[in-house]
Amino acid sequence: MKSYLTLDEIQSDLADGSISCIELVTHYLKCIREQQALHAFVEVFEEEALQKARETDQKLKQGSAGKLAGLVLGIKDVLCYEGHTVTASSRILQGFESLFTATAVQRLLAEDAIVIGRQSCDEFAMGSSNENSWYGPVRNPHHLNKVPGGSSGGSAAAVSAGLCHAALGSDTGGSVRQPASFCGIVGLKPTYGRVSRWGLIAYASSFDQVGPLARSVEDVARITQVMAGADGHDNTASPHPVDDYPSLLASATGQRYRIGYLREALESEGLDPEIRRFTQQYLQQLAAAGHEVKPVSFPLLEYVVPCYYVLTTAEASSNLSRFDGVRYGYRAPNVNDLETLYVKSRSLGFGEEVKKRIMLGTFVLSAGYYDAYYTQAMKVRRLIQQQTLELFKRCDFLLTPTTPTPAFDLGEKTSDPVAMFLADIFTVHANLAGIPAISLPLGSHSSQLPFGIQLMAPHFEEARLLAFSKQLMDVCLSK
Ligand code: GLN
């Protein structure tokens, strides 16, 4: 089968009969089998995907197929899909079956996307390397001894290796963009509230967003447009009108933008020298193409990671209290009283990273420390939001590398949590501020690994962000 960059190409081949949905699904199933060493999928919905493909082929013949017919999609193991197991890649949810479907997934299904399987991730989406999955680590298709990034590592690895056409991940602090960067694909975190969180297993509710991973900006635009918008099940899903992102993709043509790059990011000491050099050269190219490129100062950069980890662990400690061995999934055997049931189920059901974060979050919310940590971090978050919005008065986009380094070795950072947390230094900013951000696979390292450039835009400016991204990718692909 030919390698399709966009769903448009697939759909034009479907239209002239040169391919069918059944052939597409069969092809991806074969690739999944051949590439099991990646560990990208934790479950493949083989029969069901084939059945759905047959139905979609019928609909195509009758002219009644939805907008996303031909899209073969993987979903991160934190998205509920009625009648299917969902575990957040945790032991504590082993055997748990979704009672309803996440709105984001439902809307794609309604347009005839085919869900081919469930993809591994860091447990409860906590991690930057996919090494915290109960199912074991996922490997980077560009280099099997490297991590794919996290927490949506299975999704990124699968799309990058051609095991599905696109995937849905979730991004609380970079979990769509960072693995997209490590695996050489496109990943978007929409504005907070752009996509409903109904049916997304919560990590940190004031940060979490569902986001697509794909090989092209076009597909990211199409998927986002279908998923986005108000939802009666989630009051934080915004009623802000959803632009027609795909048809606006050409709107950046000929436009000149004001692009601010964060000086502190480019000067940050953990930044790989090659990524720094590439970013600087890239900025020069943008200036040469007529954009107004300028350094902007964001002195709060050094506080984003600590602020993020205080607030997200606080929210996680509350969100994860529902997993008590009584209502969901894993229950410790041989216990006689309720207290012991809670303690044992949670101690055995959660992995180390999750337990560490629940304890940290409980600590920052505890009576004696609440003001010193939680309240203080909330204030810092507000300042980060304010300073970021100030920057957008002078710039249309903010640019940074997506990650300070390309993909690192499996096991390299597992014993150094601070080093692991710093992998998110450039991505958590957008979640703290609630703004949309995209990672574009523009860079290529001498180690043969890809890396991404991140663009951030003001709230609900997805249309412009995607249009500019498309322009940048077109230039890159034409080289
Ligand atoms: N790596 C970050 C964390 O561990 C981000 C995770 C995410 O976006 N879900 O919290």
Side-chain angles (χ1 to χ4, degrees), residues 75-79 88-90 119-133 137-138 147-156 167-183 187-190 192 195 197 200-213 270 304-317 319-320 350-361 364 377 381 402-405 407-408 413-414 416-439 452 454 456:
I75 57 175
K76 183 178 179 179
D77 187 22
V78 288
L79 287 155
S89 291
S90 177
Q119 292 160 331
S120 183
C121 58
D122 282 301
E123 186 179 358
F124 284 97
M126 297 178 188
S128 310
S129 65
N130 220 116
E131 292 166 297
N132 299 332
S133 169
V138 174
V147 303
S151 62
S152 315
S155 305
L168 285 194
S170 66
D171 190 313
T172 305
S175 279
V176 164
R177 292 159 286 153
Q178 188 253 18
S181 172
F182 281 10
C183 292
L188 172 75
K189 181 201 88 75
Y192 180 76
V195 177
R197 291 180 295 110
L200 167 68
I201 295 178
Y203 160 13
S205 309
S206 77
F207 292 76
D208 299 341
Q209 263 300 284
V210 177
L213 297 117
V304 297
V305 168
C307 177
Y308 168 83
Y309 277 99
V310 170
L311 295 176
T312 53
T313 55
E315 293 187 24
S317 73
N319 274 327
L320 272 59
F350 288 131
E352 291 310 307
E353 183 66 23
V354 174
K355 283 191 270 197
K356 187 174 77 189
R357 293 195 192 195
I358 291 173
M359 285 190 269
L360 193 61
V364 302
R381 184 179 196 182
T402 307
T403 50
T405 64
F408 42 87
K413 294 190 202 276
T414 37
D416 185 350
V418 175
M420 190 71 95
F421 286 0
L422 286 174
D424 306 324
I425 182 159
F426 303 137
T427 49
V428 296
H429 180 173
N431 304 75
L432 283 159
I435 56 176
I438 195 165
S439 178
Q454 172 178 245
M456 294 179 266

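Only this structure's heavy atoms are used, side chains among them; waters, hydrogens and symmetry mates stay out. Numbering of ligands and ligand atoms starts at 1, following listing order.
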Side-chain heavy atoms of F421 within contact of K413, under 4.5 Å: no
Sorted by chain and number, the residues that approach ligand 1 to under 4.0 Å with a heavy atom: A125, M126, G127, S128, S151, D171, T172, G173, G174, S175, Y203, Y308, Y309, R357, D424
Contacts of type ring pair (Phe, Tyr, Trp, His ring centres under 6.0 Å), residue Y308, not counting sequence neighbours: F207
CG-OG1 distance between L320 and T313, expressed to the nearest 0.5 angstrom: 11.5 Å
Salt bridge (Lys or Arg N to Asp or Glu O under 4.0 Å) partners of R381, counting only residues at least two apart: none
Test side-chain contact (heavy atoms from CB on, under 4.5 Å) applied to V138 and S129, S120, C183, the passing residue: S120
Residue pairs passing the salt bridge (Lys or Arg N to Asp or Glu O under 4.0 Å) test where at least one lies in residues 169-181, sequence neighbours excluded: D171-R177
